[in-house]
> 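The structure's right below; bear with me while I get my questions together.
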Amino acid sequence: MNRCTKAFLYKDNLKYNLEQIRNYVNPNVKLCLAVKADAYGHNAVLTSRIAEELGYEYLAVASVDEGIELRENNISKANILMLSLATPEEMTDFFKYHITPLVFSEEYIKCLSDEADVYYSGDEKFDVFLAVDTGMGRIGTYPSDAGKEAKLIQASKHLRLAGMCTHLAVSDSISDEDQKYTYEQFKAFKEAVENVKAEGIDPGICSCEASAGLLNNPEVQMGMVRPGIIAYGYYPDQITKDYLQSKGFNIDLKPCLSLETKVVAIRRFPAGKSASYGRTWTCKKETDIAVLPIGYADGLLRRFSPGLKVTINGKNYPVVGRICMDQCMVDIGKDNPDVKLWDRVVIFGPKESGAINTADDLAKLGKTISYEVLTSLKRVEKIIK
């Protein structure tokens with residue numbers, strides 16, 4: 001692709017973060033890197049290759065297609081864990097591409113078991129993880145039913161219980177109330193695990209922590225942790241670097257992705273001329289406007305303007321008017337010698353990219369979180385730096 005709007009993956013930063021996480025977890029705890037949603041916008045294939053090199057045992061996806069993409073791009077060493085549910089017509093691909101599913105409920109387990117009976121002709125066993133709802137209210141069996149559903153898995157000719165997992169709903173909050181809820185979830189999950197053991201069944205690898213829980217509640221580590229956003233250089237919501245340091249924990253993270261484009265036009269605007277849809281901005285005095293070929297279809301969300309500034313040759317300049325689907329306009333001031341046609345523009349990124357902004361800065365403008373900013377880069381090519 002020759003389009004000048006691109007994202008650059010800083011491989012050394014990603015490796016640094018992944019190694020930091022490895023050092024942060026307890027010995028013998030397995031690591032499952034979340035690479036769903038194109039590795040939070042960082043390119044799932046490139047990211048998964050690096051994680052495999054560093055010995056990450058699992059990769060987490062959100063759909064069968066995401067798992068297939070990894071397998072078809074020679075991601076073969078790591079186990080792939082799918083964190084969402086599939087429909088019956090997708091289930092054969094679990095077996096074909098060696099994707100480990102989450103399961104729960106009698107209907108779902110029976111459906112997957114029936115599909116496995118059709119696919120396998122011998123005594124092969126296929127690993128599944130039992131999902132437990134301890135308070136997220138999304139998917140999973142209730143703790144009181146965990147033993148019963150584990151028995152259903154055990155009774156299947158071709159399914160084998162390889163693990164159990166749950167998801168913490170408010171572990172990224174520092175409020176006393178939310179922290180209490182997190183520990184209640186942890187207690188409920190341990191009860192679910194004990195209910196499975198009470199049936200004489202090995203629960204396998206038990207996992208309840210993603211990024212926030214790993215940083216804020218390290219004492220609840222079990223057999224595996226599932227880091228996501230911290231691998232890509234950002235702290236989860238209220239679990240900031242300053243907050244962690246105040247608790248005596250010091251984990252340094254480096255953003256891994258820069259979003260960049262180029263100046264494709266510079267236009268003289270007379271006083272009173274407006275820019276973009278809705279005429280929400282009108283220049284008060286004569287100025288020059290740089291046009292950039294990047295818009296909300298590239299992840300530069302419409303609500304970032306007004307307020308967004310982009311970096312050109314080490315200086316920040318404001319985006320003016322509404323961000324369009326494919327373009328936006330920047331006020332660079334009249335006769336500015338520091339901005340020329342075809343100059344590189346950095347929207348956000350790590351320090352070494354020359355960016356002044358991070359994805360967190362954009363998230364604050366849009367009253368959202370860095371996760372949404374990063375996963376919005378669907379149309380943008382990702383290149384290893």
> Please evaluate residues Tyr232 and Leu14 with respect to the criterion side-chain contact (heavy atoms from CB on, under 4.5 Å), reporting the C-alpha separation (whole Å), side-chain torsions for both, the decisive distance (0.1 Å), and the verdict.
CA-CA 6 Å; Tyr232 307 112; Leu14 178 60; 4.2 Å; yes
> Is there a side-chain contact (heavy atoms from CB on, under 4.5 Å) between Gln179 and Asn217? Walk through the geometry before answering.
CA-CA 9 Å; Gln179 282 299 294; Asn217 313 102; 2.7 Å; yes
> Testing the 3.5 Å rule here: is there a donor-acceptor pair between the side chains of Gln238 and Asp178?
no
> Which heavy atom of Asn195 sits nearest to which heavy atom of Ser144, and what is that distance?
ND2-CA, 3.9 Å
> Indicate yes or no: does Lys36 engage Glu66 in a salt bridge with an N to O separation below 4.0 Å.
no
> Using the rule given for side-chain contact (heavy atoms from CB on, under 4.5 Å), can you reason through Asn316 versus Val310, listing the C-alpha separation, both sets of side-chain angles and the distance that settles it, and then say yes or no?
CA-CA 5 Å; Asn316 263 3; Val310 300; 5.8 Å; no
> Quick one: are Leu377 and Lys382 in side-chain contact, heavy atoms under 4.5 Å?
yes
> For Tyr10 and Lys254, run side-chain contact (heavy atoms from CB on, under 4.5 Å): C-alpha distance rounded to whole Å, both residues' side-chain angles, the deciding distance at 0.1 Å, then the answer.
CA-CA 9 Å; Tyr10 284 72; Lys254 297 181 179 181; over 6 Å; no
> Going hydrophobic residue to hydrophobic residue with side-chain gaps under 4.5 angstrom, can you get from Tyr40 over to Ile50?
yes
> So, applying side-chain contact (heavy atoms from CB on, under 4.5 Å) with Ile230, which one of Leu214, Ile239, Asn17 is it?
Leu214
> Are Glu19 and Arg22 ion-paired here, with the side-chain N under 4.0 Å from a carboxylate O?
no
> May I ask you to check whether over 12 heavy atoms, not counting those of Glu286, lie within 6.0 Å of atom CD?
yes
> Using a cut-off of 6.0 Å, state whether more than 12 heavy atoms not belonging to Lys262 lie near its atom NZ.
no
> Strictly distance-based, threshold 3.5 Å: is any side-chain N or O of Glu52 a donor or acceptor partner for the main-chain N or O of Lys77?
yes
> Do we see a donor-acceptor contact under 3.5 Å between the side chains of Lys247 and Asn216?
yes
> Students often mix this up, so state it plainly: with edges at 30° and 60°, are the rings of Tyr119 and Phe95 parallel, tilted or perpendicular?
tilted
> Mind checking whether Ile294 and Cys328 have side chains closer than 4.5 Å, heavy atoms only?
yes
> May I ask you to check whether Ser113 and Ser156 show a side-chain donor-acceptor distance below 3.5 Å?
yes
> For Lys151, does the NZ atom sit with more than 12 other heavy atoms under 6.0 Å from it, leaving out its own atoms?
no
> Work out which heavy atom in Pro101 is nearest to a heavy atom in Asp127; give both atom names and the distance.
CD-O, 3.5 Å
> Answer yes or no: does atom NZ of Lys340 have more than 12 heavy-atom neighbours from other residues, nucleotides or ligands under 6.0 Å?
yes
> How about Phe348 and Leu374: do any of their side-chain heavy atoms sit closer than 4.5 Å?
yes
> Do the side chains of Val346 and Leu259 join up, straight or via other hydrophobic residues, at under 4.5 Å, putting them in one cluster?
no
> Pick from Arg268, Arg267, Lys334, Lys273: which one makes a salt bridge (Lys or Arg N to Asp or Glu O under 4.0 Å) with Asp288?
Arg268
> Can a cation-pi geometry be assigned to Arg303 and Tyr296, taking NZ or CZ under 6.0 Å from the six-membered ring centre and within 45° of the ring axis?
no
> Does a salt bridge link Arg379 with Asp326, judged by any charged N lying under 4.0 Å from a carboxylate O?
yes
> Quick one: do Val132 and Tyr181 end up in the same hydrophobic cluster if we chain Ile, Leu, Val, Met, Phe, Trp and Tyr together by side-chain heavy atoms under 4.5 Å apart?
no
> How close do Ile312 and Tyr317 get, counting heavy atoms only, and between which atoms?
O-CE1, 3.8 Å
> Please tell me whether Thr87 and Glu90 have a donor and an acceptor in their side chains that are separated by less than 3.5 angstrom.
yes
> Establish whether Tyr24 and Leu168 are linked, either directly or via other cluster members, by ILVMFWY side-chain heavy-atom contacts under 4.5 Å.
no
> So which heavy atom on Ala231 is nearest to which on Leu33, and how close?
CB-CD1, 3.4 Å
> Other residues, nucleotides and ligands only: do more than 12 of their heavy atoms fall within 6.0 Å of CZ on Arg279?
no
> Could you tell me if the side chain of Leu81 sits less than 4.5 Å from the side chain of Val61, heavy atoms only?
no
> Does atom CG of Asp252 have more than 12 heavy-atom neighbours from other groups under 6.0 Å away?
yes
> Are the side chains of His42 and Leu46 in touch, meaning some heavy atoms are under 4.5 Å apart?
no
> May I ask you to decide if Thr358's main-chain N or O and Asp361's side chain share a donor-acceptor pair within less than 3.5 Å?
yes
> When Phe189 is tested against each of Asp133, Thr134, Val220 for side-chain contact (heavy atoms from CB on, under 4.5 Å), which residue passes?
Thr134
> Output yes when a side-chain donor or acceptor of Arg344 lies under 3.5 Å from a complementary backbone atom of Glu260, and no otherwise.
no
> So, Asp176 and Lys180, do they make that salt bridge, N to O below 4.0 Å?
no
> Under 3.5 Å, is there a donor-acceptor pair between the Tyr235 and Asp360 side chains?
no
> If Ile, Leu, Val, Met, Phe, Trp and Tyr residues are connected whenever their side-chain heavy atoms lie under 4.5 Å apart, and connections chain through other members, are Tyr120 and Phe94 in the same group?
yes
> Spell out, as yes or no, whether a donor-acceptor pair under 3.5 Å connects the side chain of Thr311 to the backbone of Ala355.
no
> Please check if the number of heavy atoms outside Glu177 that lie under 6.0 Å from its CD is greater than 12.
no
> Kindly indicate whether the side chain of Val196, heavy atoms from C-beta on, has any atom under 4.5 Å from the side chain of Leu161.
yes
> Could you state the interatomic distance from NZ (Lys190) to SG (Cys206), rounded to the nearest 0.5 Å?
12.0 Å
> Atom CD1 in Ile347, atom CG in Leu257: separation rounded to 0.5 Å?
12.0 Å
> Only one of Arg226, Glu209, Gln185 forms a side chain to side chain donor-acceptor pair (under 3.5 Å) with His167, so which one is it?
Arg226
> Are any of the side-chain heavy atoms of Val263 and Trp342 separated by less than 4.5 Å?
no
> With rounding to the nearest 0.5 Å, note down the distance linking OG in Ser48 to CD in Glu53.
11.0 Å
> Work out which heavy atom in Asn13 is nearest to a heavy atom in Pro255; give both atom names and the distance.
ND2-O, 2.8 Å
> Do Thr47 and Leu9 come within less than 4.5 Å of each other through their side chains, counting heavy atoms only?
yes
> For Asp331 and Thr287, what are the C-alpha separation, side-chain angles and deciding distance, and is it a side chain to side chain donor-acceptor pair (under 3.5 Å)?
CA-CA 7 Å; Asp331 186 355; Thr287 192; 2.6 Å; yes
> Which distance, rounded to the nearest 0.5 Å, do you find between the CG of Asn313 and the CD1 of Ile332?
10.5 Å
> Would you please classify the geometry between the Phe129 ring and the Tyr58 ring as parallel, tilted or perpendicular, with 30° and 60° separating the classes?
perpendicular
> Which atom names give the shortest non-hydrogen contact between Cys111 and Pro88, and what distance separates them?
SG-CG, 3.7 Å
> Heavy-atom count around Tyr243 OH within 6.0 Å, excluding the residue itself: above 12?
yes
> Does either side chain, that of Asp298 or that of Thr5, offer a donor lying less than 3.5 Å from an acceptor on the other one?
no
